[in-house]
Amino acid sequence: MATEAPEQLAADEVESMSISDEVKPPSVAAESQPSSSSATPSVPLSLDEKYDTLMSIAEECVQAEELKQLLANKAEPICYDGFEPSGRMHIAQGVLKAINVNKMTSCGCRVKIWIADWFAQLNNKMGGDLKKIETVGKYFIEIWRSVGMNLDDGKVEFLWSSKEINERAHEYWPRVMDIARKNKLPRIVRCSQIMGRTDQDELTAAQILYPCMQCADIFFLQADICQLGMDQRKVNMLAREYCDDIKKKNKPIILSHHMLPGLQQGQEKMSKSDLSSSIFMEDEEAEVNTKIKKAYCPPKEVEGNPCLEYIQYLIFPWFHEFTVERSEKNGGNTTFTKFGDLSAAYAKGEVHPGDLKPSLAKALNRILEPVRSHFKNDKAAKQLLQSVKNYRVTR
């Protein structure tokens, strides 16, 4: 394991701090921004509104009653999310995370985004090259800045795991060791899903250490809420079990968001190593159009249809409506303001894949255009992207 933190970014880039202290996100076309990317509302949300907003993120909440109590008793809950810098960013990481973070900050939450560079090294991402991992981490931050993640009110922090752990090693490593002592090896191995592995894979010793560290992160960051994908559920539950071991009353609340599938049939989630399964945040308009055109989208089938899932989890939260554009001969344009209405019409055959797909591609391109523009016109961002594209993605 590397013992040095990555070299910190210059003052005009992103360090382990509150973003709004130094940098502002580039301007984003108003028509492409989601309403949830606006600044914290001038009229504070009610308790019920905060609860409903946070629950709208979750495919599963453990436990809902605890979330209500937290919101009633703490004005600025701490939410934790983390990511391995591991290659180009697809829309599930870019757009969906921006939507979820903006919802959390609108509820008064403080969001700590853990740039898990050491974890990526443990998991052999970028071949374990920490410098490459650092570059990918900077690129990720540039994506979120340009897509419209709300960084203006100081409620979002990007924290490099290597730097934070090194600075407070006396707090971190005793916790990791205690978690390891209190759990049997099979329980830790069951958490391998968090690394994109299975309990049938041949794991390295580093990948056994990884779940103990991720569990410790939750306590190290003093997180009230763990807001990660469903694929991280097992380690989040490990943290709650650990609270029982140490007699800690207030357990971290788990808000697990839905995992967007890949573009092709049977792909449970997008894969960076399979270019046909993902739309990347800086894909050109023509690339997005081609990928959506080739995507699995069977007529009248709603379940397991990735195109409909992208509309449900990305387009509706972003624009609060979806317009199917078609010729007058085929019924003319129809705007849906509820996903349930769209899915019902699709199931009846009233909306055809041939009309749905280009309309979805158009909406996605509206969201992605400010990102493309930023990476074309900002010299530093352009260099980051070129470096990341040149790296070989390793599993």
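All values derive from a computational prediction rather than experimental measurement. Sequence positions, counted from 1, serve as the residue numbers for this chain.
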Pairs of donor and acceptor atoms involving the side chains of residues 378-386, under 3.5 Å and at least two apart or interchain, shall be tabulated with distances.
from: Asp378; atom 1: OD1; to: Ala380; atom 2: N; distance (Å): 3.1
from: Asp378; atom 1: OD1; to: Ala381; atom 2: N; distance (Å): 2.8
from: Gln386; atom 1: NE2; to: Asn390; atom 2: OD1; distance (Å): 3.3

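- Grouping the Ile, Leu, Val, Met, Phe, Trp and Tyr side chains by contacts below 4.5 angstrom, directly or via other members, places Phe339 with Ile315.
- Note on residues 334-349: pairs passing side-chain hydrogen bond (donor to acceptor under 3.5 Å, both in side chains), not counting sequence neighbours, are Thr323-Thr335, Arg326-Thr334.
- For Gln265, the side-chain contact (heavy atoms from CB on, under 4.5 Å) test picks out Tyr296, with sequence neighbours left out.
- For Ser56, the side chain to side chain donor-acceptor pair (under 3.5 Å) criterion is met by Lys103, not counting sequence neighbours.
- Applying the side-chain contact (heavy atoms from CB on, under 4.5 Å) test to Gln264 and every residue at least two apart in sequence or in another chain returns Gln267, Ser276.
- Qualifying side chain to side chain donor-acceptor pair (under 3.5 Å) partners for Tyr139, counting only residues two or more places apart in sequence or in other chains: Glu282.
- Among pairs with a residue in residues 234-265, those fulfilling ring pair (Phe, Tyr, Trp, His ring centres under 6.0 Å) read Phe219-Tyr242, His258-Tyr313, at least two apart in sequence or across chains.
- Listed by chain and residue number, Glu285, Val288, Asn289, Arg372 satisfy the side-chain contact (heavy atoms from CB on, under 4.5 Å) test with Asn365 (two or more places apart in sequence, or in another chain).
- Listed by first and then second residue, the side-chain hydrogen bond (donor to acceptor under 3.5 Å, both in side chains) pairs that reach into residues 350-359 come to none, sequence neighbours excluded.
- Remark: Ala92 pairs with His90, Leu260, Met270 by the side-chain contact (heavy atoms from CB on, under 4.5 Å) rule, at least two apart or across chains.
- For Asn166 (side chain) and Arg168 (main-chain N/O), no donor-acceptor pair under 3.5 Å exists by modelled atom type.
- Note that Lys112 lies outside the cation-pi zone of Tyr80, set by a 6.0 Å cut-off to the ring centre and a 45° limit from the axis.
- Atom-to-atom distance recorded for Cys109:SG and Lys50:NZ is 8.0 Å, nearest 0.5 angstrom.
- A salt bridge does not link Arg110 with Glu157: every distance from a Lys NZ or Arg NE/NH1/NH2 to an Asp or Glu carboxylate oxygen is 4.0 Å or more.
- Every residue meeting the ring pair (Phe, Tyr, Trp, His ring centres under 6.0 Å) condition with Phe83, not counting sequence neighbours, appears here in chain and number order: Phe140, Trp144.
- Clustering of Ile, Leu, Val, Met, Phe, Trp and Tyr side chains at separations under 4.5 Å places Val62 together with Met237, Ile254.
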